[in-house]
**Student:** 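The following block contains the structure, expressed as structure tokens.
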Amino acid sequence: MKNFSKITLSVLIAASATLTSCSNDDNDKPAEKESIYVRLGGTTMVSDPDNSGQMIEKGRLSFRKVVNSTIGLIVADIQSNASGNLQAHFAPLLAETGNTQATNIAKLSDNLTDFFSFNTGGTNAVNTYSGLNMVAAHDPAKNPRMGTKASNADYTKFEGYVGAAANANGVASNTELYTDIVAVLESLRTPIVQK
Ligand code: HEM
């Protein structure tokens with residue numbers, strides 16, 4: 001490393017140390033809000049109700065419950081045959097049979113749980129999301145398991161299911177936590193809606 005960059009680096013380190021200590025000393029500022037993940041139970045270990053003998057972070061378990069309830073609502077939506085249902089989007093997944101379908105729905109549940117946990121403050125490696133980015137995941141040309149592109153109306157419906165699933169798992173609509181979760185969902189509308 002050249003001397004110049006060494007100096008730059010040490011100046012930066014010193015500056016960031018000062019900034020850190022400034023913010024620590026500043027008692028006038030309101031305390032920063034806890035992450036959504038922490039508010040859903042965070043890294044506290046609890047026994048996993050679906051895998052006997054195993055432990056799971058409470059934050060991750062909360063998200064997994066919401067994700068699985070959401071998947072249940074989507075399957076019910078598809079089975080209802082109502083107009084505007086989400087059938088076309090999930091058709092490739094549903095066209096799979098037996099173990100293949102069950103395995104892929106389980107994978108989707110796992111990926112969605114990782115995605116939400118990782119993006120709301122779940123830093124433990126167990127929550128690392130390794131699927132496609134949101135644009136690619138929802139583009140049938142890049143993800144053949146996405147049947148057709150999602151519209152704004154589809155997105156609003158999907159978001160309503162996540163909200164209902166959160167309600168069913170103890171996050172009431174009139175709470176700050178719920179509002180914060182909806183804000184995260186809304187931030188994903190633009191990349192996911194592609195028609
Ligand atoms: C809150 C909004 C949403 C989030 C956070 C989300 C997240 C995800 C994630 C993480 C994946 C997995 C990607 C991978 O495995 O590589 C995925 C796949 C998928 N999503 Fe979404 N999604 C959302 C909205 C929607 C909407 C509105 C639809 C359709 C109406 C949709 C349909 C699908 C389908 C069909 C797949 C493919 C399933 C698969 O690859 O196994 N998603 N989504």
**Student:** On a heavy-atom basis, which atom in V66 and which in V162 lie closest, and how many Å separate them?
**Tutor:**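 Between these two residues, the closest heavy atoms are CG1-O, 4.1 Å.
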
**Student:** Is the centre of the Y129 ring less than 6.0 Å from the centre of the F118 ring?
**Tutor:** no

**Student:** Taking it one step at a time, do F90 and I71 satisfy side-chain contact (heavy atoms from CB on, under 4.5 Å)?
**Tutor:** CA-CA 11 Å; F90 290 89; I71 291 175; over 6 Å; no

**Student:** Do D180 and K33 have side chains that get closer than 4.5 Å, going by heavy atoms?
**Tutor:** yes

**Student:** For a quick test of reading the model, state the closest non-hydrogen atom pair linking D77 to L86 and the distance between them.
**Tutor:** OD1-N, 2.9 Å

**Student:** Using side-chain heavy atoms (C-beta onward) and a distance below 4.5 Å, is L188 in contact with F115?
**Tutor:** yes

**Student:** Where do D139 and K149 come nearest, in terms of heavy atoms and distance?
**Tutor:**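 Between these two residues, the closest heavy atoms are OD1-CE, 4.1 Å.
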
**Student:** Do the side-chain N and O atoms of H138 and N143 include a donor-acceptor pair separated by under 3.5 angstrom?
**Tutor:**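 No pair is found: no donor N or O on one side chain lies under 3.5 Å from an acceptor on the other.
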
**Student:** Quick check for you: to the nearest 0.5 Å, what is the distance between T156 atom OG1 and L185 atom CG?
**Tutor:**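 T156 OG1 to L185 CG: 11.0 Å, rounded to 0.5 Å.
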
**Student:** Taking atom CG of N68 and atom CG of D50, what is their separation to the nearest 0.5 Å?
**Tutor:** 7.5 Å

**Student:** Between K65 (side chain) and A168 (backbone), is there a donor-acceptor pair under 3.5 Å?
**Tutor:**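 No: the side chain of K65 does not pair with the backbone of A168.
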
**Student:** Do T43 and N124 get their side chains close enough for a donor-acceptor pair, meaning under 3.5 Å?
**Tutor:** no

**Student:** Using only atom types and a distance under 3.5 Å, with no angle test, would you say the side chain of S109 pairs donor to acceptor with the backbone of I105?
**Tutor:**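 Not a single qualifying donor-acceptor pair exists.
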
**Student:** So, does S117 use its side chain to make a donor-acceptor pair with the main chain of D114 at under 3.5 Å?
**Tutor:**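 No; judged by distance alone, with no hydrogens or angles, the pair does not exist.
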
**Student:** Would you call D48 and R64 a salt bridge, taking side-chain N to carboxylate O under 4.0 Å as the test?
**Tutor:** yes

**Student:** Closest approach of N111 and G131, non-hydrogen atoms and distance?
**Tutor:** ND2-CA, 4.4 Å

**Student:** Taking 4.0 angstrom as the limit, do D110 and R60 come out as a salt bridge?
**Tutor:**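 Yes.
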
**Student:** If you round to the nearest 0.5 Å, how far is OG1 of T44 from CG of L61?
**Tutor:**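 Output value for this atom pair is 11.5 Å.
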
**Student:** Could you state the interatomic distance from CD1 (I74) to NE2 (H89), rounded to the nearest 0.5 Å?
**Tutor:**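 The CD1 atom of I74 sits 10.0 Å away from the NE2 atom of H89.
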
**Student:** Does a donor on one side chain and an acceptor on the other come within less than 3.5 Å for S151 and D154?
**Tutor:** yes

**Student:** Can you tell me how far apart CE (M134) and OG1 (T190) are? Round to the nearest 0.5 Å.
**Tutor:** 13.5 Å

**Student:** Is there a donor-acceptor contact under 3.5 Å from the side chain of N133 to the main chain of A136?
**Tutor:**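 Indeed, once roles are kept as given, a pair shorter than 3.5 Å links the two residues.
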
**Student:** For the CG atom of L40 and the CG atom of L177, what is their distance to the nearest 0.5 Å?
**Tutor:** 5.0 Å

**Student:** Ignoring hydrogens and geometry, is there a side-chain-to-backbone donor-acceptor pair from Q194 to V135 under 3.5 Å?
**Tutor:**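 Answer holds: yes.
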
**Student:** Can you tell me if R189 uses its side chain to pair, donor with acceptor, with the backbone of N152 under 3.5 Å?
**Tutor:** yes

**Student:** Would a 4.5 Å heavy-atom cut-off, applied to side chains only, mark F116 and I181 as touching?
**Tutor:**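 Counting from C-beta outward, F116 and I181 never come under 4.5 Å.
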
**Student:** Identify the heavy atoms of K157 and N85 that sit nearest to each other, and give their distance.
**Tutor:** NZ-CA, 3.5 Å

**Student:** Can Y37 and N119 be counted as having a side-chain donor-acceptor contact under 3.5 angstrom?
**Tutor:**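 Checked: Y37/N119 side chains show no N/O donor-acceptor pair below 3.5 Å.
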
**Student:** So, the side chain of T100 versus the backbone of E96: is there a donor-acceptor pair under 3.5 Å, distance only?
**Tutor:**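 The answer is no, because no donor-acceptor pair under 3.5 Å joins these two groups.
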
**Student:** Taking only residues two or more places apart in sequence or in another chain, which ones pass side chain to side chain contact (heavy atoms under 4.5 Å, CB included) with A172?
**Tutor:** N174, T175

**Student:** With a 4.5 Å limit on heavy-atom distance, are the side chains of N127 and F63 in contact?
**Tutor:** no

**Student:** Tell me the closest heavy-atom pair linking E34 and R39, and the distance in Å.
**Tutor:** O-NE, 3.1 Å

